Amino acid sequence: GRQDVSEASGLVNRVVTHLIQAVRGRDGSFSSIEKLGAGSYYEHVKISEPNEFDIMLVMPVTRLQLDECDDTGAYYYLTFKRNPKEKYLNRFLDEDGKLSAFKMLEGLRRIIKEEVKHIKDTEVTVKRKKPGSPAITLQINKPPAEISVDIILALEVQQSWPPSTQDGLKIECWLGRKVRRDFRYRPVYLVAKQNKKEKLLRGNTWRLSFSHIEKDMLNNHGSIKTCCESDGVKCCRKDCLKLLKYLLERLKMKHAKELEKFCSYHVKTAFFHSCVAWPSDTDWKYENLEHCFQKYLEYFLHCLQDSQLPHFFIPRYNLLSLDDKASNDFLSRQINYQLNNGFPVFHQV
DNA sequence: TGGTGCTATACAAG
DNA sequence: CTTGTATAGCACCA
């Protein structure tokens with residue numbers, strides 16, 4: 001309830017501000033780090049109790065050279081272009097001059113692990129590292145329940161988006177050309193995410209992140225500027241997204257193993273494509289929630305059947321590989337069953 | 001003088 | 001009502 005949200009967010013904010021202060025002060029490396037709330041909680045599309053938070057810690061850097069490390073267009077090796085003043089990051093460079101995501105994440109993790117001990121009145125622990133994951137996960141013990149906070153390290157660089165994004169973000173018909181142009185002037189974010197397909201697993205790859213743009217699109221999702229404002233017309237876009245998130249979450253609970261490849265990002269990506277396919281606010285009238293949800297769901301089913309869901313910002317990067325055809329078919333069958341039987345999982349608790 | 005960091009304030013979203 | 005975020009004003013310091 002409201003009380004829980006308040007308690008949880010208060011607790012998370014106290015812990016996170018404490019950690020940010022410590023990380024900034026500790027040594028030169030992370031002195032200009034900034035907080036950015038990301039993920040469902042901050043996008044107002046959280047479906048369950050507020051027990052999961054995503055916090056991006058953003059490091060501004062100047063002039064990076066991005067080299068694609070595979071054909072997805074999402075993963076990059078990073079090097080500093082001609083001497084920037086980023087001397088304080090030298091200790092995170094590999095032998096070949098590449099900025100190491102692993103080393104940087106370890107540096108941040110070490111400070112956080114140390115600092116967590118100094119937080120009074122709250123029991124905070126740093127969870128074991130998952131290989132290749134960009135997150136440092138905190139667990140906050142709040143007696144009846146537990147809150148987990150994913151801290152994601154991101155680099156922010158004010159330069160043009162890489163070529164792989166050229167034909168992505170096709171929002172002209174939905175949000176407009178000017179909005180697209182403005183988005184593309186916003187900085188590039190790179191998160192310390194290891195590419196599993198990388199030949200040598202040295203952990204120095206980075207992945208593009210568009211969390212800042214996604215958050216903006218969700219909070220400003222109307223074709224008409226006044227969409228969902230208090231004196232405007234309410235639409236059902238966010239409710240549709242929440243419903244499919246909830247459906248996937250429930251199905252994942254029932255079939256954890258078979259559905260392990262799927263995450264809410266698939267659902268979110270399909271959502272943005274649906275917003276483009278049905279760009280007008282009248283396509284998402286609040287009264288038509290059921291019909292809209294069904295169209296969105298059918299779109300997602302098509303993606304699964306074709307094993308084809310392009311990343312919204314990097315069109316050549318397919319999030320549903322043919323290699324996982326069996327998983328895609330499994331989820332498609334599960335969703336079809338739900339669709340044809342009045343969504344039984346929504347009623348089971 | 002300009003950069004930095006804290007606080008107050010306004011306003012959006014639910 | 002609550003929380004989150006952007007911004008303006010202010011003191012501080014090199």
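Keep in mind that what you see is a predicted model, and the values were worked out from it rather than measured.
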Asker: Please determine, for the side chain of A:K238, which listed nucleotide (B:dA13, C:dT3, C:dT5) has the closest atom?
Answerer: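 Output: B:dA13.
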Asker: Rounded to whole angstrom units, what separation is found between the CD1 atom of A:I55 and the P atom of C:dT5?
Answerer: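 Distance check: A:I55 CD1 to C:dT5 P gives 8 Å.
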Asker: Would you say a side-chain N or O of A:N13 is under 4.0 Å from OP1 or OP2 of C:dG4?
Answerer: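 Yes, within the criterion.
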Asker: Should the pair A:Y317 and A:H311 be assigned to parallel (<30°), tilted (30 to 60°) or perpendicular (>60°) ring geometry?
Answerer: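 It falls in the parallel class, under 30°.
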Asker: Looking only at side-chain atoms of A:K215, point me to the closest of C:dT3, C:dT5, B:dG14.
Answerer: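 When the side chain of A:K215 is considered, C:dT5 is the closest of C:dT3, C:dT5, B:dG14.
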Asker: Let's see if you can work this out: which of C:dG4, B:dC6, C:dT2 has an atom nearest to the side-chain heavy atoms of A:Q21?
Answerer: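 Of the candidates, B:dC6 comes closest.
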Asker: Grab the CG-C1' distance between A:D216 and C:dG4 for me, whole Å please.
Answerer: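 Distance check: A:D216 CG to C:dG4 C1' gives 14 Å.
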Asker: Which whole-number value in Å describes the distance from A:N220 CG to C:dT5 C1'?
Answerer: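 Distance, rounded to whole Å: 14 Å.
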Asker: Counting heavy atoms from C-beta on, name the nucleotide in C:dT5, C:dT3, B:dA13 closest to the side chain of A:S6.
Answerer: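 The closest nucleotide is C:dT3.
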Asker: Measure the spacing between CZ of A:F210 and CG of A:L169 and express it to the nearest 0.5 Å.
Answerer: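 Here the rounded value is 8.5 Å.
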Asker: When the distance from CD1 of A:I47 to P of B:dG14 is rounded to whole Å, what number comes out?
Answerer: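 Value for this atom pair: 16 Å.
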Asker: What's the shortest heavy-atom distance between A:P315 and A:P310, and which atoms?
Answerer: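 It is O-CB, 3.4 Å.
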Asker: Below 4.0 angstrom from OP1 or OP2 of C:dT3, is there any side-chain N or O of A:Y42?
Answerer: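 Looking at the OP1 and OP2 atoms of C:dT3, neither is under 4.0 Å from any side-chain N or O of A:Y42.
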Asker: Check for me, please, whether A:M253 and A:F346 land in the same ILVMFWY cluster - side-chain distances under 4.5 Å, paths through other members count.
Answerer: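 No: no chain of side-chain contacts under 4.5 Å links A:M253 to A:F346.
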Asker: I need the NZ-P distance between A:K46 and C:dT2, as an integer number of Å.
Answerer: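 So the two atoms are 23 Å apart, to the nearest Å.
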Asker: Once you round it to whole Å, what is the distance between C1' of C:dT3 and CG of A:L11?
Answerer: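 About 15 Å, once rounded to whole Å.
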Asker: If the plane angle is over 60° it's perpendicular, under 30° parallel, otherwise tilted; pick one for A:F271 and A:Y296.
Answerer: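 Taking A:Y296 first and then A:F271, their aromatic rings stand perpendicular (interplane angle over 60°).
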Asker: From C:dG4, C:dT5, B:dC6, pick the nucleotide closest to the side chain of A:K35?
Answerer: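 So the nucleotide nearest the side chain must be C:dT5.
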Asker: Nearest whole Å is fine: how far is B:dA12 C1' from A:E43 CD?
Answerer: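 Answer to the nearest Å: 16 Å.
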Asker: Rounded to whole angstrom units, what separation is found between the NE2 atom of A:H221 and the P atom of B:dG14?
Answerer: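 Going from A:H221 (NE2) to B:dG14 (P), I get 7 Å.
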